[in-house]
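Below, chain A is the first sequence line, B the second, and so on; all start at residue 1. The figures here come from the full heavy-atom set of this structure, side chains too, leaving out hydrogens, waters and symmetry mates. Keep in mind that what you see is a predicted model, and the values were worked out from it rather than measured.
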Amino acid sequence: MSKPLSRMQIAWRVAQDIDNGCVVNLGAGMPTMVSDFLPAGREVMFHAENGILGIGPRAAKGKEDPDVINAGGQAVTLLPGGSYFHHADSFAMIRGGHIDIAVLGAYEVSAQGDLANWHLPDSNVTPAVGGAMDLAACAHRLFVMMDYCSRDGTPKILKQCTLPLTARRCVNSIYTDLAVVDVIADGLVVREIIEGLDLKTLQDKTGAPIRLADNWRILSAPDIS
Amino acid sequence: MSKPLSRMQIAWRVAQDIDNGCVVNLGAGMPTMVSDFLPAGREVMFHAENGILGIGPRAAKGKEDPDVINAGGQAVTLLPGGSYFHHADSFAMIRGGHIDIAVLGAYEVSAQGDLANWHLPDSNVTPAVGGAMDLAACAHRLFVMMDYCSRDGTPKILKQCTLPLTARRCVNSIYTDLAVVDVIADGLVVREIIEGLDLKTLQDKTGAPIRLADNWRILSAPDIS
Amino acid sequence: MIDKIVTDPVLAVADIADGATVLVGGFAWAGVPSALLEALAERQPRNLTIATNANIGAPGLMRLFETGCVRKLMSSFPRMFNTTLMEDLCKAGKLVLELIPQGTLAERIRAAGAGIPAFYTPAAVGTPLAADKEHRDFAGVTYIMETALAGDVALIMAAKGDRWGNLVYNKTARNFNPIMAMAGKLCLAQVAEVAELGTLNPEQIITPGIFVDQVIPVTRST
Amino acid sequence: MIDKIVTDPVLAVADIADGATVLVGGFAWAGVPSALLEALAERQPRNLTIATNANIGAPGLMRLFETGCVRKLMSSFPRMFNTTLMEDLCKAGKLVLELIPQGTLAERIRAAGAGIPAFYTPAAVGTPLAADKEHRDFAGVTYIMETALAGDVALIMAAKGDRWGNLVYNKTARNFNPIMAMAGKLCLAQVAEVAELGTLNPEQIITPGIFVDQVIPVTRST
């Protein structure tokens, strides 16, 4: 079996599915890596909740501007053509259906595309939702980036989410270290799977029925250090 | 009896009651004259519905900018400190209670301060409301500027308006050619009246009971050509 | 590469279908997308719904009314000077008029662009324009419910636009244009000048390109 | 003459009463009105309700929590790093937390400033945060009703301000500040620089002075 994809490799894989001209919102954490791996020649407008459109690469060390940050608080840059706006306008963009793709992390995803990514009731940590509910409810397409299972091997793709939801029926595709899974009307379809991993083994790691797409392919990504 | 005030003199009279620092919206027509008569030393922010704050004097002949207009379409100027904004922001200012005084014309005003100023059902003209309903409902104080009676002598101040309303219980003060009348909780109080006109004669021109304020004064205005 | 520049107004309006709801920017003569309106009038679509504040004297818009392209007008000030066209069309049953307070018109359009299906406003309460509206009290004050007003297409006018669709306006020619840009499924922006990408001040871009589909440079003929 | 410049943050916050609802601008460390927060913490008011997105690590704000000035926090991201203060206060029953999706928080604040008492949003539908909300369908989609969130006072931060109260911001330090300016009965704006009246570009003024009561110049101490 091939090695599971690293987080950077998952980010690379997501980036390949972002078309030229898309408006894309990248959630804090893992999803922010996606912008580093856009194929050459594709121009994409990256949006963040805190009022910035046209986000460029991470700011170089020593060149950080504390007033140019993304929604995760990271120092970024602004591309030519980028703009700033206030929070109500920023969420007007989100709620108004002007975001083509949102990429979010997840604790759990259900076979219907329900997403849970904001609250672990058994933990000691105050719940925090940020802009996830607005994005999950309103982006045209929602891509989830996560490890296929949690660290202890528990499935994160389930018949029903056990954790508090972020939004119902919102996830379109799930990008993971082992497979790319699409959520369609009649269930979960594996579009790509890493070399040497068979569907049965993947099914055992999944809490809901999955099937292979007719045109399924090998999930692979370049070596990224 | 003194001569009734001219329209410019009514505008002058209104201007005296606008305090330093107020935000004021002047309706199209007669009210736009008010800004010409502000007492020296008072600084006022004039607002218009079409997205301009800090309106200065009318544009000089030959110096008109077709993109600098007020809500009546007149070419105006912008004072230092003025700004432009879009229509939703402009009406956020109005509806949000950020306009201290609106000055509007009127067909009729009732003893409770109801205003009718947008529709003459018996006329042949398509009704047009503009921003009057928003202003009437939401300005902190509403000043009406009008002739005391219509051209044929019919009272315009009435127990109840007969024409379709612009807003209920919105008018605070009525500035006219014959008198200044305040609308307070228990009725209509004449604050100023032109020299030689007695209350009884004024009452005959009024469709609702009026009384003199304890501290009533003579209504007079300088000669303005 | 993203390139929203379309040089021909005729091409820009080519996909506006019969029965479309068209948002038309401008206030009086400021910020009216006249070239787009003229191109649309040339196409002679049928059964349009036009939402605009008070620009019905603009030649292209006039022609749409005169030639029977418009079934419904949503406006706060549907009055034309020097003509009784509006009155005549209404009387003849050829035009339906929805009179909307200006602030409500603006907020309904902004709501559509912002994903808000409905909201409450105090404007028009107690007047005939609230007659058929749902009333509701909040903190002892009565409001009416108004719904979002989206356009199949928004025709707007800006001073400058770039290939991403970023727009800046000139003074009070801003008016309804930025909120209509948000509320049109398709947003066509006539601009007086095309700006090189990156030359518009990011602090001063009023309409970020996210809202705009086509930028059509038109030299003002006045 | 209109002159909203107030040179002392201590004077500016002097009238903020016990029990006040305080809107606090900023996102992460960008655009946080730190000097006003520190002046307020110095005054030690009681029973405050604070509405802010996620700036609870700002020293003045931290001190308001630590010293028991805050009864309720309304926020989308009420999490502090390197401390369990928030968790401890909640567990001890000393702090009530209202978790609000970020877009709903922004729109509730904007609504208050715009005279909209309530509106409908799709965010949070089907989640625990919608549990007590009124649900309603429009065109077959379910939404929840949210109400306006006004402040007795808004504490905001801008790059420049003039004596009329006009403000411009620096890049993403804009964030919640302009909408909080609209929604505060009293709006206090900390600015890095006072601008001469007329020197701010009227096309680029983000917060017109109509929304601002006091402009407090504070040199950044970073």
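- In this structure, the side chain of C:N170 does not engage the main chain of C:A173 through any donor-acceptor pair within 3.5 Å.
- Heavy atoms closer than 4.5 Å to chain C are found nowhere in D:I205, neither backbone nor side chain.
- Residue D:E146: no heavy atom, backbone or side chain, is found under 4.5 Å from chain C.
- Salt bridge annotation for D:D152-D:K185: present, with a cationic side-chain nitrogen under 4.0 angstrom from a carboxylate oxygen.
- For the options C:R110, C:K171, C:R136, heavy-atom pairs under 4.5 Å to chain D are most numerous at C:R110.
- The pair C:R108-C:E98 meets the salt-bridge criterion, with a side-chain N (NZ, NE, NH1 or NH2) lying under 4.0 Å from an Asp/Glu carboxylate O.
- Residues D:Y120 and C:F119 place their aromatic rings such that the two centres sit no closer than 6.0 Å.
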